[in-house]
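Structure first, commentary second.
In this text, all values refer to a predicted model and were calculated from it rather than measured experimentally. Values reported hereafter were calculated over all heavy atoms of this structure, with side chains retained and with hydrogens, waters and symmetry mates removed.
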Amino acid sequence: EEVGAKEKDIEKLSQELSSELESSHNEAKADEEKKSKDLVKVTSAWENKKLAMASATKDYEEAQAAVTESKNAITEMEKNISDKISAIQMAKDEAVEAEGNLTRLQTEYQNMCAGISSEEGDEGRTLPDQISKAHSDANNAEAKAKQAQMKINHLGKSLKSVEKDMKKEKSSAAKLSKKRDTTAEKVEGLRNKLSKINFSETEFNALDNEKIELENSVSVLQEKVDTLSAQLEGRLAFNYSDPIRGFDRSKVKGLVARLINVKLPKHSTALEVVAGGKLYQVVVDEAITGKALLNNGKLQRRITIIPLDKIVPRRVSSAAVDRASSMANNLNSTAQPAIELVGYDEEVRNAIEHVFGSTLVVDGMKAANSICDATKTRTVTLDGDIYEPSGLISGGSKDNLGSTLSRISQLTAASKDLKEKTNRLENVVKKLESMSSQSRQFEKLSGDLEIATSELAAVEKHISQTSYGMLKDKFDAMTKEISDATEEVEQMERTKDEKWDLYNELKEKEAQLTQDRENRLKDAETRIKEAKELVVSKENAAREAEVKSQELDLEMKSCQEDVVVAQDAVVVAEKALDAAKEEEASFEMKVGQLKAVWEEAKAILEEVEKKLKTCHQELSALSKQKARLIKKAESAEIEGKKMSIKITKFHSEQEKAEK
């Protein structure tokens with residue numbers, strides 16, 4: 001029975017193995033082999049693309065190397081050309097210089113033949129002409145000197161006559177002369193007194209004008225401060241009595257609104273929304289000060305106190321700020337921590353960070369919404385719309401939103417300007433008061449000087465209209481003419497001596513030239529011949545240099561064309577490399593995809609083979625069990641037969657025994 005059961009199990013497993021598992025195994029194996037072949041095929045193509053990309057990379061690098069090599073060749077050639085250009089230019093300059101030298105020598109030779117001097121100032125004049133000119137100049141100078149001397153003699157006689165007439169008329173003008181001298185002394189004395197006064201009329205007038213301008217500015221600013229103060233008084237009024245005698249009022253820093261200044265007016269609305277009711281809270285140095293104010297400060301309204309020693313500042317993390325800034329840039333917007341948009345004293349930093357530190361001010365609703373969602377940070381737009389991390393959104397009508405901070409900023413600026421201009425006005429007034437006595441003294445002396453100067457001018461005019469005055473003017477004019485004529489005589493005498501010296505020098509030179517003329521002509525001819533040879537030599541060198549220059553230009557153009565060709569090759573190679581990279585990446589992706597598909601098919605095959613192996617193992621085990629059972633049955637049958645024989649034998653022996 002057991003053997004029969006095992007046979008049934010074996011038969012069942014065999015049927016399952018042959019019908020289901022072997023069929024699944026064959027399908028899985030066929031699918032795996034197909035996927036494997038596809039993978040091998042695409043992998044082979046990928047390897048080819050990698051080789052193609054490597055080849056394209058090599059071509060690109062070679063093209064770049066060719067460009068570099070061409071550029072280096074140009075650099076080297078430019079250096080070579082630079083060195084040779086100097087030599088080429090030198091050859092040209094030397095040719096021009098040799099030509100000029102030849103022209104000069106030829107001109108000197110021609111002048112020498114004609115007896116013309118080439119010395120500076122005498123170009124084109126022969127030596128006899130120069131001698132004649134020097135003689136003429138000397139005679140002219142002598143004649144002018146005699147004429148000037150005659151004028152001096154004539155004026156001297158006339159001057160004595162005028163001087164004699166002046167003495168006759170002097171008594172009649174003595175009173176006026178004395179008055180003129182007295183008035184002149186008075187004018188000089190007043191001028192000396194004015195120069196000794198340490199007073200600048202220009203500075204005084206400038207200060208007086210500045211005083212008028214400052215008074216007008218102070219008046220306008222005071223009116224503006226009064227108006228703004230009245231507008232803000234209701235919102236920012238904070239009055240208290242000293243909670244204890246001798247209370248240090250510096251412990252109470254004031255309302256938050258008065259402790260900040262808005263850096264840019266456009267942020268006023270956003271910052272006022274950020275602060276909200278905290279804008280009107282009072283900052284004190286310690287909690288104990290706040291308690292004293294609440295208990296004994298006789299406060300006229302309810303307030304919230306921010307003690308600097310207890311308050312915990314709130315800040316936006318640097319990571320959130322960086323991310324917000326990056327997102328804002330991508331959205332063509334701006335995002336800044338609100339705390340960075342206000343100014344404040346360092347001692348109240350904790351309170352200001354408590355009010356403004358946890359919010360970002362963003363330009364634009366879209367950017368504010370995105371940044372709030374991404375950073376989980378409260379954001380406020382420039383128009384006052386609020387985006388909370390919880391999802392709440394606030395906004396709508398602005399009404400007078402932002403007006404408080406805007407007016408506070410205006411009041412702060414106006415108050416600062418008023419203080420500065422008031423201080424300046426006080427200084428200007430003090431300066432003017434210190435200069436007032438000097439100003440009065442200066443004005444008095446200036447007036448006296450003006451009167452004295454007018455009086456002196458009138459006296460001099462009166463004198464000039466008298467006979468003495470007219471004679472005095474004539475005497476002064478004649479004296480000047482004599483002085484000028486005397487100076488001319490001296491000048492002409494010097495010129496006469498110089499020209500006679502030149503005349504004598506040229507006469508000596510004429511005698512010497514006559515002796516040396518032949519030798520100098522021969523020397524000039526030799527130098528001209530050498531100069532002509534040098535000109536030919538230098539012109540040949542210049543022509544060779546010009547040819548060399550043209551050759552260098554052609555070589556440079558060739559190198560430049562090589563660079564252009566190499567750069568074009570780089571562009572082509574780069575495009576080919578990009579295409580190869582794109583194809584290689586595409587096949588790499590395909591390989592990855594097919595590999596995943598093949599691995600999946602392989603896993604399925606392995607699973608089927610595992611099941612198949614398990615079935616074979618179970619079948620083998622059942623077969624072994626069946627064999628063991630059969631063997632056991634056979635042993636039992638043999639034992640049964642042995643027992644049957646023993647029984648038969650026993651019965652036989654028993655029967656024999658009974659007989």
Side-chain angles (χ1 to χ4, degrees), residues 228 232 235-236 255-281 283 306 311-417:
L228 290 170
L232 294 169
R235 296 182 184 180
L236 303 181
L255 272 67
V256 170
R258 290 190 180 277
L259 296 176
I260 62 169
N261 61 80
V262 180
K263 294 180 179 179
L264 292 175
K266 69 177 183 178
H267 296 136
S268 296
T269 299
L271 292 171
E272 192 165 326
V273 170
V274 170
K278 294 186 182 71
L279 201 62
Y280 308 104
Q281 294 179 357
V283 179
I306 304 176
I311 199 67
V312 178
R314 297 181 291 180
R315 302 181 182 90
V316 179
S317 67
S318 58
V321 172
D322 292 342
R323 187 172 184 189
S325 178
S326 176
M327 290 180 66
N329 288 335
N330 293 334
L331 295 170
N332 294 322
S333 178
T334 58
Q336 296 172 275
I339 190 72
E340 294 181 2
L341 305 178
V342 295
Y344 51 88
D345 290 335
E346 191 62 29
E347 67 172 344
V348 296
R349 170 181 285 277
N350 285 354
I352 305 305
E353 286 186 346
H354 170 72
V355 176
F356 295 100
S358 61
T359 305
L360 294 170
V361 174
V362 183
D363 184 6
M365 296 175 65
K366 181 179 179 182
N369 190 14
S370 300
I371 290 171
C372 176
D373 292 341
T375 62
K376 301 303 178 186
T377 304
R378 183 175 185 244
T379 58
V380 176
T381 67
L382 296 182
D383 292 330
D385 299 321
I386 306 171
Y387 292 86
E388 299 283 359
S390 63
L392 293 176
I393 302 174
S394 302
S397 175
K398 290 172 61 176
D399 291 333
N400 292 323
L401 201 60
S403 62
T404 300
L405 283 180
S406 178
R407 286 172 182 168
I408 289 173
S409 297
Q410 293 176 29
L411 177 59
T412 302
S415 299
K416 182 181 179 182
D417 202 11

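- Nearest heavy atom pair, residue Ala324 against residue Ala335, reads O-CB, 3.8 Å.
- Atom CZ in Arg378 sits 4.0 Å away from atom OG1 in Thr359 (nearest 0.5 Å).
- Take Asp373 and apply the salt bridge (charged side-chain N to carboxylate O under 4.0 Å, His left out) test, not counting sequence neighbours, and it matches no residue.
- Listed for the Ser268 side chain is a donor-acceptor partner under 3.5 Å among the backbone atoms of Pro265.
- The closest side-chain heavy-atom distance from Ile306 to Gln281 is below 4.5 Å.
- Closest heavy-atom contact between Ala367 and Leu331: CA-CD1, 3.7 Å.
- Residues Val283 and Val256 have side chains in contact (heavy-atom distance under 4.5 Å, counting atoms from C-beta outward).
- Counting only residues at least two apart or on different chains, the side chain to side chain donor-acceptor pair (under 3.5 Å) pairs with a member in residues 337-354 are Lys253-Glu347, Arg315-Glu353, Tyr344-Arg349, Glu346-Arg349, Arg349-Glu353.
- Atom-to-atom distance recorded for Ser317:OG and Arg323:CZ is 10.5 Å, nearest 0.5 angstrom.
- For the pair Tyr387 and Cys372, the tightest heavy-atom approach, listed with the atom from each and the gap, is O-SG, 3.4 Å.
- For the atom pair CD of Gln410 and CG of Asp417, the computed distance is 13.0 Å after rounding to the nearest 0.5 Å.
- Of the listed residues (Ile371, Val362, Thr381), just one forms a side-chain contact (heavy atoms from CB on, under 4.5 Å) with Ser333, and that residue is Val362.
- Panel note: side chain Ser415, backbone Leu411; a donor-acceptor pair is recorded below 3.5 Å.
- Closest approach of Ala320 and Thr375 over heavy atoms only: O-CG2, 3.8 Å.
- Between Asp385 and Ser394 there is no side-chain heavy-atom pair separated by less than 4.5 Å.
- In terms of modelled atom types and a separation under 3.5 Å, the side chain of Ser326 and the main chain of Asp322 share no donor-acceptor contact.
- In this structure the side chain of Leu382 reaches within 4.5 angstrom of the side chain of Val361, judged on heavy atoms.
- With contacts defined as side-chain heavy-atom distances shorter than 4.5 Å, the pair Ile352/Ile339 qualifies.
- Of the residues listed (Leu279, Val380, Asp383), the one engaging Val273 in a side-chain contact (heavy atoms from CB on, under 4.5 Å) is Val380, and it is the only one.
- In this structure, Val274 and Ala338 approach most closely via the heavy-atom pair CG1-CB, 4.1 Å.
- Each of Leu255, Val342, Leu271 was scored for a side-chain contact (heavy atoms from CB on, under 4.5 Å) with Ile260, with one residue passing: Val342.
- With hydrogens and angles ignored, the 3.5 Å screen pairs no side-chain donor or acceptor of Asn369 with any backbone N or O of Met365.
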